Peer 1: 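Structure provided below as structure tokens; questions to follow.
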Amino acid sequence: MLTNIKALILDMDGVLWRDTTPIGDLPAIFARIQALGLKVALASNNATRTMDEHLEKLSGFGLTLEPWQIISSAAAAANVLSKRFPDGGGVFVVGENGIQRALGERGFTPIIDPADETTPVAVVSSFDRGVTYQKLSRATLHIRAGAPFYATNPDKTFPTPEGLVPGAGAILASIETATDVKPIIIGKPQPAMMYMALENLGTLPEETLVVGDRLETDIAAGQAAGCKTALVLSGVATRKQAENWEPAPDFVFDDLSSILDE
């Protein structure tokens, strides 16, 4: 199945690990990828980590990658906002350190205190384990006052060793319900992150296999970018869901290791 494939774009959560638990022998898997002569990039909707934190987590699993190989929805969102608001400004953030740092590196001032009534140029919603009613209220007030509404990603759940827990999409749904405004979503299923990965890899869509555990984000984004897609059953989606999904992913496997053994 890897005939004519020169590169892999891998999701992280649900493909490489579940929270702090690796899925398989990751050093051996990446050694196999290298032995096959495949380039690799990681593209994650998880906007909670900074680049340094991504690299640190990978290192903790015995993996060493370069910063150019990692694309996050936080970096993609900051990139999009910098083009719309080249002069920067304050951005009200419902989100953690990853999106805050990415915005700061692009010249924005992240506003995270719900008591701060500064008018922002935009509101960004993301995964936030410290979310409060006050944060949701302030975001709602800003959006209802006309602030553009962005979201890093719509993932409804987040995979952990104990099972699925609420994800960025659960928080997003609350704000969307309260404002009657649909956000501009930057991460998967939109293809922006795939295009960034393809540019970094130097490969064409038809030469690149996107591997993910979510049909509605990973697979949909890969298809939107014109890439081949492989769903793995090590995270969120089930085989039955894959059988009912249209358009279907090109391949369905138990996990990443199974793909490389084909």
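Please read all numbers here as calculations on a predicted model, not as lab measurements. For this chain, numbers begin at 1 and follow the sequence in order.
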Peer 1: Arg106 vs Asn79, test: side chain to side chain donor-acceptor pair (under 3.5 Å). Steps then yes/no.
Peer 2: CA-CA 7 Å; Arg106 288 286 187 163; Asn79 181 54; 3.1 Å; yes
Peer 1: Less than 4.5 Å apart, side chain to side chain, heavy atoms only: is that true for Ile99 and Pro110?
Peer 2: no
Peer 1: What heavy-atom pair brings Gly212 and Asp218 nearest, and what distance separates the two atoms?
Peer 2: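 Nearest heavy atoms, Gly212 then Asp218: CA-OD2, 3.4 Å.
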Peer 1: Check the hydrophobic clustering (I, L, V, M, F, W, Y; side-chain heavy atoms under 4.5 Å; chains of links allowed) and say if Val123 and Val80 are grouped together.
Peer 2: no
Peer 1: Pairing donors with acceptors under 3.5 angstrom, does anything connect the side chains of Ser257 and Asp255?
Peer 2: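 No, because no side-chain N or O of Ser257 sits under 3.5 Å from a partner of the opposite role on Asp255.
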Peer 1: If the plane angle is over 60° it's perpendicular, under 30° parallel, otherwise tilted; pick one for Phe61 and Trp17.
Peer 2: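 If you compare the ring of Phe61 with that of Trp17, the planes turn out parallel.
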Peer 1: For the atom pair CD1 (Ile71) and NE2 (His54), what is the distance rounded to the nearest 0.5 Å?
Peer 2: 10.0 Å
Peer 1: Are Asp11 and Arg214 close enough for a salt bridge, meaning some N to O gap below 4.0 Å?
Peer 2: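 Result for this pair is no, no salt bridge flagged.
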Peer 1: Once you round to the nearest 0.5 Å, how far does CZ of Phe127 lie from CG of Asp155?
Peer 2: 10.0 Å
Peer 1: Please report the closest heavy-atom contact between Ala43 and Ile9, naming both atoms and the distance.
Peer 2: CB-CG2, 3.7 Å
Peer 1: Which heavy-atom pair separates Ser73 from Thr152 by the least distance, and what is that distance?
Peer 2: CB-O, 3.4 Å
Peer 1: Linking I/L/V/M/F/W/Y whenever any side-chain heavy atoms sit under 4.5 Å apart, do Phe251 and Val210 land together?
Peer 2: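 No: no chain of side-chain contacts under 4.5 Å links Phe251 to Val210.
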Peer 1: For the atom pair CZ (Phe149) and OG (Ser125), what is the distance rounded to the nearest 0.5 Å?
Peer 2: 5.0 Å
Peer 1: Does Lys228 come within less than 4.0 Å of Glu206, counting only side-chain N to carboxylate O?
Peer 2: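 Not counted as a salt bridge, because no side-chain N and carboxylate O are separated by less than 4.0 Å.
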Peer 1: For the hydrophobic clusters of this structure (ILVMFWY residues joined by side-chain heavy atoms under 4.5 Å, transitively), does one cluster hold both Met196 and Leu198?
Peer 2: yes
Peer 1: Would you mind checking if Arg138 and Asp116 are paired as a salt bridge, meaning a charged N to carboxylate O distance below 4.0 Å?
Peer 2: no
Peer 1: Would a hydrophobic clustering, with Ile, Leu, Val, Met, Phe, Trp and Tyr connected at side-chain separations under 4.5 Å, put Ile70 with Leu8?
Peer 2: yes
Peer 1: With rounding to the nearest 0.5 Å, note down the distance linking CD1 in Ile185 to CG in Asn45.
Peer 2: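 Going from the CD1 atom of Ile185 to the CG atom of Asn45 covers 9.0 Å.
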Peer 1: Could you tell me whether Arg18 and Asp213 have a side-chain N and a carboxylate O separated by less than 4.0 Å?
Peer 2: no
Peer 1: Could you tell me the separation between the CG atom of Leu231 and the CG atom of Asp250, rounded to the nearest 0.5 Å?
Peer 2: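 Nearest 0.5 Å value for the CG-CG distance: 11.0 Å.
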Peer 1: How far apart are the closest heavy atoms of Ala224 and Pro191, and which atoms are they?
Peer 2: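 Smallest interatomic distance, heavy atoms only, reads CB-CB, 4.0 Å.
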Peer 1: About how many Å separate CG of Leu81 and CZ of Arg84, when rounded to the nearest 0.5 Å?
Peer 2: 8.5 Å
Peer 1: Just by distance, with hydrogens left out, do Thr203 and Thr208 show a side-chain donor and acceptor under 3.5 Å apart?
Peer 2: yes
Peer 1: Which residues satisfy the ring pair (Phe, Tyr, Trp, His ring centres under 6.0 Å) test with Phe108, sequence neighbours excluded?
Peer 2: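 With sequence neighbours excluded, Phe108 shows a ring pair (Phe, Tyr, Trp, His ring centres under 6.0 Å) to no residue whatsoever.
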Peer 1: Before giving the answer on salt bridge (charged side-chain N to carboxylate O under 4.0 Å, His left out), spell out for Asp254 and Arg239 the whole-Å C-alpha distance, their side-chain angles and the decisive distance to 0.1 Å.
Peer 2: CA-CA 9 Å; Asp254 288 336; Arg239 188 174 295 277; 3.6 Å; yes
Peer 1: How close do Asn46 and Phe158 get, counting heavy atoms only, and between which atoms?
Peer 2: ND2-CE1, 3.6 Å
Peer 1: Which pair of non-hydrogen atoms, one from Gly95 and one from Asp128, has the smallest distance, and what is that distance?
Peer 2: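 In terms of heavy atoms, the two residues are closest at N-OD2, 3.1 Å.
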